Amino acid sequence: MRNFQKGLVSLHEFKMVMSSLYFVYEALEAEIERNKDNPVFSPIYFPLELHRKDALEQDLEYFYGPQWRKKIPCPQSTKNYVTRLHHVGQKEPELLVAHAYTRYLGDLSGGQVLKKIAQKALQLPVTGEGLAFFTFDNVSSATKFKQLYRSRMNSIEMNVAAKNRILNEAKTAFLLNVKVFEELQILSTAKSQEGLAKSDIPTLRSRTQNTANGDVQLKTEYRQTGVSTKNNSTFIRWTVIVGCALVALAALYIS
């Protein structure tokens with residue numbers, strides 16, 4: 001975390017993260033639109049307040065240019081996440097709430113802090129270019145909105161079995177996020193070791209885990225690929241936010 005706060009965030013890795021998040025949100029929001037009138041999801045349908053796809057498109061065009069769609073990578077772990085989102089939305093829509101909660105409330109929880117850190121570390125314009133993802137123009141108070149979201153989520157009628165399935169799916173969403181950022185770290189490190197990214201320096205991550213087991217797994221894998229654990233702090237920051245959202249989701253349904 002100290003390295004991240006010192007500005008050890010590379011543009012290369014940041015762009016990789018934004019690219020993967022685009023594919024994730026493209027799939028998530030496509031399935032949300034599919035189920036926006038479904039009673040198992042409709043109470044938490046907040047497209048104007050929460051949806052991130054359009055914001056990510058703005059950021060990617062800023063970083064990659066007008067042809068950004070042809071340039072952004074989609075690693076295998078990101079593809080796996082996308083596949084799961086489409087399966088849930090089409091076959092088990094009641095589980096979509098777990099993915100929406102994990103992603104959106106995690107973004108709301110840490111968005112402003114991460115925005116300031118990224119802006120300073122990457123020397124991005126103070127006018128906000130490249131940081132639209134972190135900006136929720138239609139949410140005046142993140143705290144109050146999260147309270148509203150949780151209230152709406154609790155209003156969805158479901159039995160104990162359904163609640164347990166949502167909890168399990170939240171764990172799946174969490175692990176899918178971790179796998180995405182693990183792979184991005186490995187890919188970025190490999191590129192750096194090959195000398196192909198001399199102008200880019202290690203990066204920023206979107207959600208990291210705060211569980212003891214997950215933390216150990218991340219550090220172990222980095223050691224095996226020859227990466228200094230000092231650079232893991234960039235991931236820990238992001239995963240902590242996802243972990244907090246997961247814990248909060250569990251608290252809502254364990255009663």
Side-chain angles (χ1 to χ4, degrees), residues 21-57 81-82 84-115 132-177 206-210 238-255:
L21 287 176
Y22 173 76
F23 290 111
V24 169
Y25 279 100
E26 181 182 44
L28 175 59
E29 289 168 10
E31 297 308 327
I32 286 175
E33 288 300 314
R34 184 194 306 276
N35 291 282
K36 63 182 180 181
D37 297 320
N38 190 324
V40 301
F41 189 84
S42 59
I44 56 169
Y45 179 64
F46 291 100
L48 294 178
E49 293 84 356
L50 296 179
H51 283 195
R52 299 289 86 198
K53 177 175 173 284
D54 290 347
L56 283 163
E57 289 179 350
Y81 195 171
V82 167
R84 181 59 185 173
L85 288 168
H86 285 309
H87 169 82
V88 166
Q90 297 171 30
K91 305 295 183 181
E92 303 176 90
E94 67 278 8
L95 302 183
L96 196 59
V97 62
H99 290 276
Y101 186 98
T102 299
R103 288 298 330 173
Y104 290 126
L105 267 69
D107 296 333
L108 274 175
S109 296
Q112 293 307 303
V113 173
L114 293 174
K115 179 180 179 179
F133 173 74
F134 302 103
T135 304
F136 293 81
D137 289 329
N138 294 310
V139 177
S140 58
S141 168
T143 299
K144 290 181 179 179
F145 185 83
K146 286 186 286 186
Q147 292 172 347
L148 171 64
Y149 195 94
R150 294 183 183 112
S151 175
R152 290 285 192 88
M153 188 166 63
N154 284 333
S155 74
I156 299 174
E157 294 186 7
M158 63 183 75
N159 56 32
V160 174
K163 291 180 180 179
N164 288 334
R165 291 179 64 230
I166 289 175
L167 275 176
N168 288 331
E169 191 64 24
K171 296 174 185 177
T172 298
F174 172 65
L175 293 175
L176 286 167
N177 276 280
S206 163
R207 319 236 163 244
T208 335
Q209 57 194 87
N210 62 347
W238 289 74
T239 309
V240 163
I241 296 174
V242 173
C244 289
L246 179 57
V247 170
L249 180 62
L252 285 172
Y253 284 103
I254 295 176
S255 58

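Everything quoted here is computed from the prediction, not taken from an experiment.
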Do you know the tightest heavy-atom contact between [X] and [Y]?
X	Y	result
G89	N35	O-ND2, 3.0 Å
L95	R84	CD1-NH2, 4.1 Å
A98	I166	CB-O, 3.6 Å
S42	P39	OG-CA, 3.6 Å
M153	I44	N-CG2, 3.7 Å
L85	A27	CD1-CB, 4.0 Å

- Task: Measure from NZ or CZ of R52 to the centre of the six-membered ring of Y22 and say whether it is under 6.0 Å with the direction within 45° of the ring axis.
- Result: no
When rounded to the nearest 0.5 angstrom, what is the spacing between [atom1] in [X] and [atom2] in [Y]?
X	Y	atom1	atom2	value
I156	K163	CD1	NZ	11.0 Å
H99	F41	NE2	CZ	11.0 Å
K115	F136	NZ	CZ	10.5 Å
E31	H86	CD	NE2	5.5 Å

- Parallel, tilted or perpendicular: which fits the ring planes of H51 and Y45, with parallel below 30° and perpendicular above 60°? perpendicular
- Task: Name the orientation class of the two ring planes belonging to Y104 and Y25 (parallel below 30°, tilted from 30 to 60°, perpendicular beyond 60°).
- Result: tilted
- Query: So, are R103 and E29 salt-bridged, with charged N and O less than 4.0 Å apart?
  - Reply: no
- Message: Can you tell whether the side chains of E57 and K53 come within less than 4.0 Å, N to carboxylate O?
- Response: yes
Is there side-chain contact between [X] and [Y], with heavy atoms separated by less than 4.5 Å?
X	Y	result
N138	F46	no
L28	L96	yes
R34	P93	no
Y149	L108	no
L176	T172	yes
R165	E94	yes

- Query: Do the side chain of S151 and the main chain of Q147 share a donor and acceptor less than 3.5 angstrom apart?
  - Reply: no
